[in-house]
Amino acid sequence: MTSATSSAWAPTRRQLADTALAALAPVCACLLALGGLAVWTVTGNAGTPARIGVTDARLFLPSQGVPETAAFFKITNTGGAQDRLLEVSSPDATEGISLSNHRMTTGGAAYRRPTEALSIPAGGTLDMSPHSSDVTVPAVACWETGDLVPFTLHFEHSGRVKVLALVVRPGP
């Protein structure tokens, strides 16, 4: 090998500088991402699954002759990941239970719209009410004010949560 051939293979100072600058952007992006993940982990958010709690379960006393009524639950998620309520079941009402969102028309009338799932954000609450969302339940004639009706709420990540809903008269 001659000296002319060996110098053709040696990188110049300019080539080394260009290579270092080209590598700088991805290295900075990786360091920034790792720093963000470290902060997320230190604050306790990394890897925490949804933690679901259900309170304030109530079922409206059905009106005579009306085929369905509504159940409401306050669902709190203290975990670091979102979850979704997919289904609600009850041994007292074996068929026809569905999830609904409430909407208002431009004329001021309210209507229910069936939905596949209701989201519970990480660190948030889904507080069902006649103005937001509910569980539509077929009416059972023997329910009376003060009865406790068992429900099982089925979540996408948290599995099943069993709760007793208090039968109450509709109103504030």
Side-chain angles (χ1 to χ4, degrees), residues 33-172:
L34 283 173
L37 287 172
V39 168
W40 188 45
T41 301
V42 167
T43 59
N45 291 319
T48 58
R51 289 191 199 106
I52 297 295
V54 180
T55 59
D56 198 21
R58 61 202 188 287
L59 174 69
F60 278 174
L61 181 67
S63 298
Q64 192 155 0
V66 177
E68 60 187 29
T69 188
F72 305 95
F73 305 93
K74 183 174 185 176
I75 305 169
T76 304
N77 180 358
T78 58
Q82 173 183 302
D83 208 343
R84 295 183 328 143
L85 176 62
L86 302 175
E87 178 185 3
V88 176
S89 60
S90 174
D92 287 10
T94 56
E95 291 183 21
I97 297 177
S98 62
L99 302 173
S100 303
N101 280 317
H102 295 234
R103 298 286 184 249
M104 298 297 288
T105 65
T106 54
Y111 69 95
R112 286 184 184 156
R113 186 184 67 162
T115 185
E116 294 292 318
L118 296 170
S119 293
I120 303 94
T125 300
L126 170 64
D127 195 0
M128 295 181 185
S129 77
H131 306 288
S132 61
S133 56
D134 72 11
V135 177
T136 304
V137 182
V140 174
C142 66
W143 286 334
E144 295 180 13
T145 302
D147 285 349
L148 294 174
V149 179
F151 284 94
T152 303
L153 284 64
H154 305 261
F155 294 92
E156 182 175 32
H157 301 293
S158 299
R160 297 175 182 178
V161 175
K162 294 185 178 198
V163 65
L164 293 173
L166 179 65
V167 177
V168 297
R169 292 192 181 278

Visitor: I need the Arg51 CZ to Ile120 CD1 distance, nearest 0.5 Å.
Guide: 15.5 Å
Visitor: Search all heavy atoms of Pro138 against all heavy atoms of Glu95 and return the closest pair with its distance.
Guide: CG-O, 2.9 Å
Visitor: Does Ser90 reach the main-chain N or O of Asp92 with its side chain, forming a donor-acceptor pair under 3.5 Å?
Guide: yes
Visitor: Starting at NE2 of His157, measure out to CG of Asn77 and round the result to the nearest 0.5 Å.
Guide: 10.0 Å
Visitor: Checking side-chain polar atoms at under 3.5 Å, does Asp83 have a donor or acceptor matched by the opposite partner on Ser158?
Guide: yes
Visitor: Side chains of Pro91 and Pro150, heavy atoms from C-beta outward: is any pair under 4.5 Å?
Guide: yes
Visitor: So, do Ser119 and Gln82 sit near enough that their side-chain heavy atoms are less than 4.5 Å apart?
Guide: yes
Visitor: What's the spacing between Leu126 CG and Ile75 CD1 if we round to 0.5 Å?
Guide: 5.0 Å
Visitor: How long is the gap from OG on Ser100 to CE on Met128, to the nearest 0.5 Å?
Guide: 9.5 Å
Visitor: Within this structure, what is the CD-CD distance for the pair Glu87 and Glu156, rounded to the nearest 0.5 Å?
Guide: 13.0 Å
Visitor: Should Leu118 and Arg84 count as side-chain neighbours, where that means a heavy-atom distance under 4.5 Å?
Guide: no
Visitor: Does any part of the side chain of Phe72, heavy atoms only, come nearer than 4.5 Å to the side chain of Asp56, both counted from C-beta?
Guide: no
Visitor: Using 0.5 Å steps for rounding, measure from the CG atom of Asp134 to the CD atom of Glu68.
Guide: 9.0 Å
Visitor: Grab the two heavy atoms, one from Asp147 and one from Cys142, that are nearest each other, plus how far apart they are.
Guide: OD2-O, 3.8 Å
Visitor: Check step by step if side-chain contact (heavy atoms from CB on, under 4.5 Å) holds for Leu164 and Leu166.
Guide: CA-CA 7 Å; Leu164 293 173; Leu166 179 65; over 6 Å; no
Visitor: Are Leu61 and Thr69 close enough that some pair of their side-chain heavy atoms sits under 4.5 Å apart?
Guide: no
Visitor: Among Leu153, Val149, Leu148, Thr55, exactly one meets side chain to side chain contact (heavy atoms under 4.5 Å, CB included) together with Val163. Which residue is that?
Guide: Leu153
Visitor: With a 4.5 Å cut-off on side-chain heavy atoms, are Val88 and Thr152 touching?
Guide: no
Visitor: I'd like to check Ser98 versus Val135 (side-chain heavy atoms, cut-off strictly below 4.5 Å). Are they in contact?
Guide: no
Visitor: Are the side chains of Phe60 and Val168 in touch, meaning some heavy atoms are under 4.5 Å apart?
Guide: yes
Visitor: Does anything in residues 114-151 form a ring pair (Phe, Tyr, Trp, His ring centres under 6.0 Å)? List the pairs, not counting sequence neighbours.
Guide: Phe73-Phe151
